[in-house]
Amino acid sequence: MGIEKRSAIIGYPVTDGNWDKDWARLSTDCKYLTDWGTNLLKSGLKGSIKSILLEPYYVCKDHRNLFSNFYSKKFEQISPFTQRLHFFSKSVTDAREVIINPEEYKDAYVGYSVIRPVKDRCIGRTVIDPSKLATINKDNFYCLRTDFQAHIGGRHFTVKGYPYVSQDEDVTVCSHSALWGICRYLSERYTIYAETYPFDLIRLMQPIRGRTFPYRGMTYADYCVILSEFGSYPILMRLKENRNVAQYDNAEYENLYSYIESGFPVLASYQGHVVTVIGHTIDYSKSVSPDADGFLSSSAFLKQLVVVDDNFFPYQLLGQKDDADNYGARYTNPKYDICSIVVAVCPLPEKVFLPAEKARGVGLKYFKGLKRELETIGRGPYVTRLFVATNTAFKRRKLETNIFSGRSGKIDVLSYYVSEFNLPHFVWVMEVSPIGLYKKGICAAEIVLDATSNVHESVVIYMRIGNTLVVDGLQRKYAGCPEQFHQYTHNLGER
Amino acid sequence: MNTNKGKDLRKLIAGLADFQKGATEAKSFNKVTEIIIKEQNEKLIDEIDAKRNENWSALANQVVGCENFGDQLRDSRP
């Protein structure tokens with residue numbers, strides 16, 4: 001299809017009552033939208049949108065990259081152009097309304113989806129704001145999001161989401177979709193990473209097992225090479241020997257959880273298929289058991305992992321086998337659940353030298369050794385939460401949430417002091433709370449570790465138990481300071 | 001609620017520089033530090049890491065050397 005230079009953006013009102021008919025009308029004009037693509041979008045957007053705008057011709061940088069390197073070499077003619085759909089939670093009867101009065105529609109912008117001219121798996125770059133989806137319980141949903149920009153008729157719209165793309169089963173497979181999502185999320189969020197296009201990922205594959213396209217699956221070794229070339233420093237977690245083993249390596253599972261809690265997207269291989277873990281949900285009503293010392297990890301309250309699987313609408317919930325909301329049960333032979341992850345790969349930044357397992361070991365040793373001091377703040381069992389934070393975000397959140405927290409009317413001078421510490425770019429933080437306080441988002445103690453250190457060095461930057469601060473082997477109690485403070489919430493998009 | 005608006009915050013929040021004025025030795029903390037250092041110095045190899053590495057090496061060889069096993073491990077499900 002050649003480009004039609006005079007082609008207006010078209011608006012389609014959609015209603016839940018007329019859902020199928022409205023989408024059928026759109027599909028007639030949106031030629032590249034296949035049945036598979038229609039069903040995927042319908043399944044995820046129902047109840048969340050009232051109108052769709054169709055850009056009939058859109059030059060997508062990701063599709064054009066694949067077109068230039070692959071589709072253009074095929075005998076069958078595939079267009080270099082795509083179409084794009086914009087979703088709004090407000091009724092739009094005429095697309096011109098959005099272009100003339102964009103301010104009235106900005107809050108109602110749910111996101112966009114590029115529709116590619118390929119067989120079946122037509123959904124290209126798609127960014128949807130999960131907080132605007134009716135299908136998601138916002139009170140219990142913690143996931144990575146970042147700002148993506150879109151322009152409609154020259155008007156600027158922003159959507160906060162995690163990037164999704166389907167595999168075309170021709171040149172790209174599930175691994176490419178997942179890797180592309182990670183790379184695009186990171187490059188959009190952090191300027192240190194360069195924007196990477198789908199065929200770049202194919203070029204970065206090693207031809208050690210033959211040609212890298214069309215349609216070649218990957219192993220975690222491929223992921224590591226690609227993510228390293230991209231500029232990250234991937235760390236591998238082997239949760240099970242293979243998919244037939246029922247039980248996880250608990251330490252590796254804890255590592256996986258800590259990296260998710262740190263706000264890193266994690267590639268999770270089911271052995272045969274790969275998805276990206278971008279967050280989790282929590283169930284505080286779960287029955288949990290502390291260890292012999294009375295400590296337990298916050299992972300004990302994890303209910304589901306939030307994943308992006310290219311076969312489904314983004315933000316699926318990967319739960320236990322018996323979880324009615326487990327999206328993995330929709331697969332057949334094999335079905336997937338939270339125990340299906342065999343290997344995970346996390347693209348860490350360079351300066352997180354100290355791995356999660358070592359940081360956890362050090363943190364737990366200190367808290368178990370100082371349990372008597374901890375007991376003066378509150379009775380156990382004690383919940384530990386381990387995560388990486390950047391120096392800047394950690395200091396900022398301390399100032400924002402704690403100084404005048406209002407819990408006791410006292411000024412939390414210890415939270416202010418964090419802003420006066422010289423910290424490395426990244427720190428490991430282990431927070432500890434008596435279980436009752438943890439469920440209310442409150443901490444009683446924390447230890448902050450230098451993420452660039454190794455365990456032979458001076459790992460601890462400071463430790464706080466209640467209103468006592470420990471630095472460089474010295475401690476001081478600040479009687480006027482509150483003993484409790486707010487959990488650090490930022491890594492998974494929390495306010 | 002912030003009830004300190006308008007007050008001179010410098011009077012309410014002393015800087016970290018005065019930490020040492022009232023600080024004492026953190027005995028329990030330092031004891032744990034000593035234990036950690038001692039354990040690290042005595043540890044010649046990290047046994048958990050060593051076991052994982054052994055498994056990794058075996059698997060890596062299989063992926064490269066055995067085409068069938070390698071295929072099983074590839075993530076390519078449509």
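Both backbone and side-chain heavy atoms feed into the values below; hydrogens, waters and symmetry mates do not. Lettering of chains follows the sequences in order, A, B, ..., and the numbering in each one begins at 1.
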Quiz item: Looking at B/Lys27, B/Glu39, B/Lys21, which has the largest count of heavy-atom pairs under 4.5 Å with chain A?
Solution: B/Glu39
Self-check item: Crowding at CD, B/Gln20 (>12 non-hydrogen neighbours, <6.0 Å)
Solution: no
Self-check item: Among the listed options A/Asp222, A/Val459, A/Ile465, A/Val471, the residue most often paired with chain B at heavy-atom distances under 4.5 Å
Solution: A/Val471
Quiz prompt | Where at least one partner belongs to residues 456-482 of chain A, residue pairs that pass salt bridge (charged side-chain N to carboxylate O under 4.0 Å, His left out), sequence neighbours excluded | solution = A/Asp412-A/Arg464, A/Arg476-B/Asp18
Quiz prompt | Heavy-atom pair with the smallest gap, counting every atom of B/Ile36 and A/Lys365 | solution = CG1-CD, 3.6 Å
Exercise. State, with a plain yes or no, whether a side-chain heavy atom of A/Met463 is found less than 4.5 Å away from one of B/Phe29.
Key: yes
Practice problem: Find the one option among A/Gly473, A/Ser166, A/Gly480, A/Ser419 whose heavy-atom pairs under 4.5 Å with chain B are most numerous. | Solution: A/Gly473
Exercise. Answer with side chain, backbone, both or neither: which region of A/Leu469 has an atom nearer than 4.5 Å to a non-hydrogen atom of chain B?
Key: both
Quiz item: What residues form a side-chain hydrogen bond (donor to acceptor under 3.5 Å, both in side chains) with A/Thr212, not counting sequence neighbours?
Solution: none
Quiz item: If you measure from OG on B/Ser28 to CD on A/Glu373, what distance do you get to the nearest 0.5 Å?
Solution: 4.0 Å
Exercise. Might you point out which heavy atoms bring B/Phe19 and A/Leu474 nearest each other, and give the distance in Å?
Key: CZ-O, 3.6 Å
